Number of protein chains: 2
Amino acid sequence: MAVTLADVARRSGTSTAVVSYVMNNGPRPVAPATRERVLAAAAELGYRPNRIARALRAGTTGVVGLVLADASNPYFAALARSVERALERRDTLMMTGNAGYLPDRQRLLAERFLAAQVDGLVVVSADGGADVAALAVAAGVPSVYVHHRPGPGRVPLVSADNDAAVRAAVEHLRGHGHRRIAFLAGPHDAGPVAERRDAWHRAVSAGDLEPLLLRCEYSREAAARLTVRLIAEGAMPHAMVAATDEQAMGVLAGASAAGLPVPGGLALMSCDGTPDSAYTAPTLSVTEQPLDAMAERAVALLLDGAPESAAPAARLVPRRSCGCEG
Amino acid sequence: MAVTLADVARRSGTSTAVVSYVMNNGPRPVAPATRERVLAAAAELGYRPNRIARALRAGTTGVVGLVLADASNPYFAALARSVERALERRDTLMMTGNAGYLPDRQRLLAERFLAAQVDGLVVVSADGGADVAALAVAAGVPSVYVHHRPGPGRVPLVSADNDAAVRAAVEHLRGHGHRRIAFLAGPHDAGPVAERRDAWHRAVSAGDLEPLLLRCEYSREAAARLTVRLIAEGAMPHAMVAATDEQAMGVLAGASAAGLPVPGGLALMSCDGTPDSAYTAPTLSVTEQPLDAMAERAVALLLDGAPESAAPAARLVPRRSCGCEG
DNA sequence: CTGTTAGCGCCTTCAC
DNA sequence: GTGAAGGCGCTAACAG
């Protein structure tokens, strides 16, 4: 059905080797006249190289697998796009799979990607994921974690400098006059969120401020429910740092539903800095993760054998929800 | 490096044929004892079938390509997840590429996916895209458009019944007492947004209501800017249907920035019904597209040769922004 | 400079 | 019930 190298060779009166040399500009030289004939034949027939055959022969597919926690979460979605751009620069295709926070599904996806002979595996896992990169290692396939590394192991991790970011957020809220600054963490104590929580705790302690640790699932729904409940109980703090944008958006939704004004009644900051955070009502003050830099670094590590390097810094972006601009 | 069929055959003292029979449960029977030995050998060696080799032999990869307009847009992101789930049910992997509204990039992605020998192409294009599915057709690869079909051509399209949805939205706003109901459309007149605009126009005309057509790009930023400007000029309508959630969220952000209360000063509805729309402040009243049904239908069309059928209906979900629940 | 050919790993027809 | 062998489309020795 499809046009093959042999078809082009026949049509141009040459051999498959010559056609291959022309299509790949090497590894052997071809006479200009012959080259023209081959190119013409290829164009006429609409020849398109079969990457599957090439992959079998070359032992490399030009495809990388991305195991993602959840593309519905704007943070992970933005990260995925950054990874895609980084791969694009290397002419590499991406297979994506959403694991939905399920360790078994992470493993299943990784297995499938490995069976598909991906050249590398990028794993973006949330708290409590499986150490799926270990599977890649066992198969001799390069792998990287971005954002969070579930297991111990020697698989490299690329994440941002959460410590400095959270410290800056706490300082910023303090600058607005707040002395009781809550932190909204996730249900578990692991990964970047744990780092952010620790950083908050250190900053609050050092500043002689009053701590209040809150917890909920990483979803808008859970954060909205918690917020409504706290407001009803009169237990809502007046300043809060949310571990994730997803939670912060839930807090905003809950506050809106319960009639608590932001930033008037609650000064809120968050730690992801997704694109969406600029268009909430009110706009979210955040510490913005350098997603493009993280993705570029991860892909360089994966495909170019670049050395592991220090975490890139997050940037403070004050907007309306903390009390700025208004 | 990697373990192959031949390795397992050697280890189990059989032939590659038998190992293949065992791994695929056919097409020939294998004696139970032999089967056990093969399975044991495969497990010991950690054998994982090479899908690339299988694909070359079988002429089918078990991979579908998804050309997406923009995964940063929650509507497209949700659609992509639905497509992934529909493919998952058929044990099919997905390659994704974001075209970012650029026709040339759509074409490039389609070319690459075709070269990777995908079994099918799902194209989710925004207004003004290229007719990339035509490339697939030329290559003899099945393809479907979801949401929008750029060109003429006979490539099937799966979309929702926009007409009924918009009519319901207009009626709903009218029920809230509004007689001047604006519509926020996109910059072009094509595809589903054009359908929605037409449906709005018919509904407004039939109801003897006052029309006002507004336009802006499909981004939060553009919609927010437009909203701020209209408010400043005193030209903001009191009721509006936005063509997309993305634009509606921008309107919400603009209204919040300019101090216009929603729904008090503006009753707003939107036509996508993304998951995000339930957690804006205030929550967005929408007509919800049946994304799972659309995706399932598209994939059935693509891989199972299912017949084209009528568009599934969108559902009205009243929330706070139109004036309900309050 | 160009042609012939041997596999990459798998599946399956054909012989035993 | 099992084994040997050809070939999917491509690349890169190896000959000419």
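Labels below follow one simple rule: chain letters A, B, ... track the order of the sequence lines, proteins then strands, and each chain is numbered from 1. Just so it is clear, the model here is predicted, and its values are computed rather than measured.
Looking at the side chain of A:L5, the nearest of the listed nucleotides D:dT11, C:dG9, D:dT2 is D:dT11. Checked against D:dC10, D:dC14, C:dC10, the side chain of A:T4 finds its nearest nucleotide in D:dC10. Candidate nucleotides D:dT2, D:dG9, D:dT11 were compared by shortest atom distance to the side chain of B:V30, and D:dT2 ranks first. Closest to the A:T16 side chain, of the nucleotides D:dC10, D:dT11, C:dG9, is D:dT11. Residue A:R57 has its side chain nearest to C:dA6 when only C:dA6, D:dT2, C:dC10 are considered. The side chain of A:N24 sits closest to D:dT11 out of D:dG1, C:dT4, D:dT11. Residue A:R28 has its side chain nearest to D:dC14 when only C:dC10, D:dC14, D:dT11 are considered. Comparing atom distances between the B:S15 side chain and each of D:dG3, D:dG1, C:dC8 picks out D:dG3 as nearest.
The shortest distance between side-chain heavy atoms of B:F113 and B:L66 does not fall below 4.5 Å.
Distance A:R35 CZ to C:dT2 P: 11 Å, rounded to the nearest Å. Rounded to whole angstrom, the span from the CZ atom of A:R48 across to the P atom of D:dG9 amounts to 15 Å. In this entry the distance linking CE of B:M23 with C1' of C:dT12 reads 17 Å, nearest Å. Atom CZ of B:R51 and atom C1' of D:dC8 are 16 Å apart (whole Å). Regarding A:R54, its CZ atom lies at a distance of 19 Å from the P atom of D:dC8, rounded to whole Å. As a whole-Å value, the separation of B:E36 CD from D:dG1 P is 15 Å. Rounding to whole angstrom units, CG of residue B:D7 and C1' of C:dC8 are separated by 13 Å. Counting to the nearest Å, the C1' atom of C:dC10 and the CD atom of A:Q117 are 12 Å from each other.
Using a cut-off of 4.0 Å between Lys/Arg side-chain N and Asp/Glu carboxylate O, B:E88 and B:R81 are scored as not salt-bridged.
No donor-acceptor contact under 3.5 angstrom links the side chains of B:D272 and B:T274, judged on distance only.
Of all heavy-atom pairs spanning A:V8 and A:A42, the tightest one is CG1-N, 4.0 Å.
Residue A:P27 is in sugar-phosphate contact alone, with no base atom involved, counting any heavy-atom pair closer than 4.0 Å across all strands shown. A:A17 comes within contact range of at least one nucleobase, with a heavy-atom separation under 4.0 Å. Base engagement by B:S20 is indicated by at least one non-hydrogen atom pair under 4.0 Å involving a base atom.
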| request: Determine, stepwise, if the pair B:D70 / B:Y218 fulfils side-chain hydrogen bond (donor to acceptor under 3.5 Å, both in side chains). | output: CA-CA 11 Å; B:D70 174 16; B:Y218 302 118; over 6 Å; no
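Annotation: of the two residues near DNA chain D, B:L56 and B:T34, the 5′-most nearest-nucleotide partner is B:T34. Both B:P32 and A:A6 lie near DNA chain D, and the one whose nearest nucleotide falls closer to the 5' end is B:P32.
At a cut-off of 3.5 angstrom, counting only N and O atoms as typed in the model, there is a donor on one side and an acceptor on the other between the side-chain of B:Y21 and the base of D:dG3.
Within 6.0 Å of CZ on A:R89 lie more than 12 heavy atoms contributed by other residues, nucleotides or ligands.
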